Visitor: 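Provided herewith is a single structure, encoded as structure tokens, for subsequent inquiry.
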Amino acid sequence: MTKSQLRKIYPARQKNLSSFETKQKSELIADRFFREFDLSKVQILHCFIAIEKFNEIDTTLIFKRFWDNYPQIKTLVPRVNFQTGEIENLKFTIDTKLKNNIWQIKEPVNDEIIETKEIDIILVPLVCFDEKGFRVGYGKGFYDKLLKNCRNDCLKIGLSFFEPTEKIADVENFDVKLDFCVTPEKVWEL
């Protein structure tokens, strides 16, 4: 299927999850992430903040575990710079104040930007992914640009409520493959 076809199917499936299912699946994804990945050498992690209206994975479960169990790891979240069309990586702590951007997505109010090349692991939002590790996002290309600027050894890990689709038919040259995707059932090595 094409990206536009998948963007019609998967967001609807995600929105149809009950709040109980979303919470349960988010907890399974967080547990699996912490169980399956070695974080001993990680210094900086970038993770998205869930967009509530899209019923995304609750990443506060991941942030809280980092802050409680890995305080030495710096956590970052995205902020879209609408002038450049790129994502900035902002420091995010338990005390960080958030505000809604023009799309009603929560972003930090601080300006403590960390360079993309410093990120060791990036947890990536997605609509869906395929068995080769390509993802469908929301279509603006922000994360593709960000992922292109990551170091080669930066782990690119998608988080998904659903198993992969077989193949995304219209993968482009600018699409960046994920290394792994964590679902409630398993970690997909891609």
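All values reported here derive from a predicted model rather than from experimental measurement. These values consider heavy atoms only, across backbone and side chains, with no hydrogens, waters or symmetry-generated copies. Counting begins at 1 with the first residue of the sequence.
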Visitor: For the residue pair Phe82 and Phe142, categorise the inter-ring angle as parallel (less than 30°), tilted (30 to 60°) or perpendicular (more than 60°).
Guide: perpendicular
Visitor: When you look at Phe92 and Leu98, which way does the side chain to side chain contact (heavy atoms under 4.5 Å, CB included) test go after all the steps?
Guide: CA-CA 9 Å; Phe92 185 54; Leu98 299 172; 3.7 Å; yes
Visitor: Should Val80 and Leu90 be counted in the same cluster of Ile, Leu, Val, Met, Phe, Trp and Tyr side chains packed under 4.5 Å apart?
Guide: no
Visitor: Show the numbers, then the answer: is there a salt bridge (Lys or Arg N to Asp or Glu O under 4.0 Å) between Lys156 and Asp179?
Guide: CA-CA 5 Å; Lys156 296 174 271 315; Asp179 299 307; 3.8 Å; yes
Visitor: Can you give me the closest heavy-atom contact between Arg79 and Glu107, atom names plus distance?
Guide: CG-OE1, 3.2 Å
Visitor: Checking side chain to side chain donor-acceptor pair (under 3.5 Å) against Glu27, which of Lys23, Lys25, Gln24 comes through?
Guide: Lys23
Visitor: Working to the nearest 0.5 angstrom, can you tell me the gap between Ile29 CD1 and Thr59 OG1?
Guide: 10.5 Å
Visitor: Can we call the ring centroids of Phe134 and Phe129 under 6.0 Å apart?
Guide: no
Visitor: Answer yes or no: are there more than 12 heavy-atom neighbours, outside Glu36 itself, under 6.0 Å from its atom CD?
Guide: yes
Visitor: Name all residues meeting the salt bridge (charged side-chain N to carboxylate O under 4.0 Å, His left out) criterion together with Asp68; count only those two or more places apart in sequence or in a different chain, and write none if there are none.
Guide: none
Visitor: Test side-chain hydrogen bond (donor to acceptor under 3.5 Å, both in side chains) on Gln14 and Asn55 and set out the steps.
Guide: CA-CA 6 Å; Gln14 193 162 294; Asn55 205 24; over 6 Å; no
Visitor: Can you confirm whether Asp130 sits close enough to Glu166 that some side-chain heavy atom of one is under 4.5 Å from a side-chain heavy atom of the other?
Guide: no
Visitor: Minimum heavy-atom separation for Ser160 to Ile57, with atom names?
Guide: N-CD1, 3.5 Å
Visitor: Kindly compute the distance separating CZ (Arg65) from CZ (Phe33), expressed to the nearest 0.5 Å.
Guide: 9.5 Å
Visitor: Can you see whether Asp58 engages Thr60 through a side-chain donor-acceptor pair at a distance of less than 3.5 angstrom?
Guide: yes
Visitor: Would you say Lys99 has more than 12 foreign heavy atoms packed within less than 6.0 Å of its NZ?
Guide: no
Visitor: Check Leu17 against Phe161 and note the closest heavy-atom contact, atom names and distance.
Guide: CD1-CD1, 3.6 Å
Visitor: Within the structure provided, determine whether Leu178 and Val124 are in side-chain contact (heavy-atom separation under 4.5 Å).
Guide: yes
Visitor: If I take atom CD from residue Glu115 and atom CD1 from residue Ile113, how far apart are they, to the nearest 0.5 angstrom?
Guide: 8.0 Å
Visitor: Would Arg13 count as a cation-pi partner of Phe162, with NZ or CZ less than 6.0 Å from the six-membered ring centre and within 45° of the ring normal?
Guide: yes
Visitor: Which heavy atom of Lys41 sits nearest to which heavy atom of Asp120, and what is that distance?
Guide: O-OD2, 4.5 Å
Visitor: What distance do Ile87 atom CD1 and Thr84 atom OG1 have between them, rounded to the nearest 0.5 Å?
Guide: 10.0 Å
Visitor: Taking side chain as C-beta onward, heavy atoms only, is Ile121 less than 4.5 Å from Cys154?
Guide: no
Visitor: Can you tell me how far apart CG (Asp170) and CD (Gln5) are? Round to the nearest 0.5 Å.
Guide: 8.5 Å
Visitor: Does any non-hydrogen side-chain atom of Ile105 lie less than 4.5 Å from one of Ile49?
Guide: no
Visitor: For a side chain to side chain contact (heavy atoms under 4.5 Å, CB included) check, start with the C-alpha distance between Leu45 and Leu123, then their side-chain angles and the critical distance, and finish with the verdict.
Guide: CA-CA 8 Å; Leu45 169 117; Leu123 300 181; 4.1 Å; yes
Visitor: Any side-chain heavy atom of Pro78 within less than 4.5 Å of one from His46?
Guide: yes
Visitor: Determine whether Glu56 and Pro125 make a side-chain contact, defined as any pair of heavy atoms from C-beta on separated by less than 4.5 Å.
Guide: yes
Visitor: May I have the step-by-step check of salt bridge (Lys or Arg N to Asp or Glu O under 4.0 Å) for Asp175 and Lys132, ending in yes or no?
Guide: CA-CA 12 Å; Asp175 290 329; Lys132 293 185 177 180; over 6 Å; no
Visitor: Return yes if a side-chain donor-acceptor contact under 3.5 Å exists between Thr96 and Thr93, otherwise no.
Guide: yes
Visitor: Evaluate the side-chain proximity of Asn89 to Leu146: yes if any heavy-atom separation is below 4.5 Å, no if none is.
Guide: yes
Visitor: Write down the atom of Glu21, the atom of Ser18, and the distance for their closest heavy-atom approach.
Guide: OE1-N, 2.8 Å
Visitor: Do Leu159 and Tyr138 sit in the same hydrophobic cluster, where Ile, Leu, Val, Met, Phe, Trp and Tyr count as joined when their side-chain heavy atoms come under 4.5 Å apart?
Guide: yes
Visitor: Check for me, please, whether Phe63 and Phe34 land in the same ILVMFWY cluster - side-chain distances under 4.5 Å, paths through other members count.
Guide: no
Visitor: If you apply the rule side chain to side chain contact (heavy atoms under 4.5 Å, CB included), what do you find for Ile122 with Leu147, and how did you get there?
Guide: CA-CA 8 Å; Ile122 182 164; Leu147 294 173; 3.7 Å; yes
Visitor: Between side-chain atoms of residues 180-189 and protein atoms elsewhere (two or more places apart, or another chain), which donor-acceptor pairs fall under 3.5 Å?
Guide:
{"from": "Thr183", "atom 1": "OG1", "to": "Glu185", "atom 2": "N", "distance (Å)": "3.4"}
{"from": "Thr183", "atom 1": "OG1", "to": "Lys186", "atom 2": "N", "distance (Å)": "3.2"}
{"from": "Thr183", "atom 1": "OG1", "to": "Lys186", "atom 2": "O", "distance (Å)": "3.0"}

Visitor: Supply the atom-to-atom distance Glu52 CD to Asn100 CG, rounded to the nearest 0.5 angstrom.
Guide: 8.5 Å
Visitor: Should Ile9 and Met1 count as side-chain neighbours, where that means a heavy-atom distance under 4.5 Å?
Guide: yes
Visitor: To check you understand the geometry: which heavy-atom pair defines the closest contact between Glu118 and Ile114, and what is its length?
Guide: OE1-CG2, 3.9 Å
Visitor: Verify the neighbour count for atom NZ of Lys106: are there more than 12 heavy atoms of other residues, nucleotides or ligands below 6.0 Å?
Guide: no
Visitor: Find out if a path of hydrophobic residues (ILVMFWY) with successive side-chain heavy-atom gaps under 4.5 Å connects Val127 to Val171.
Guide: yes
Visitor: Is there a path of hydrophobic side-chain contacts, each under 4.5 Å between heavy atoms, that joins Leu61 and Phe66?
Guide: no
Visitor: Just to verify, what does Lys148 make a side-chain contact (heavy atoms from CB on, under 4.5 Å) with, not counting sequence neighbours?
Guide: Phe174, Val176
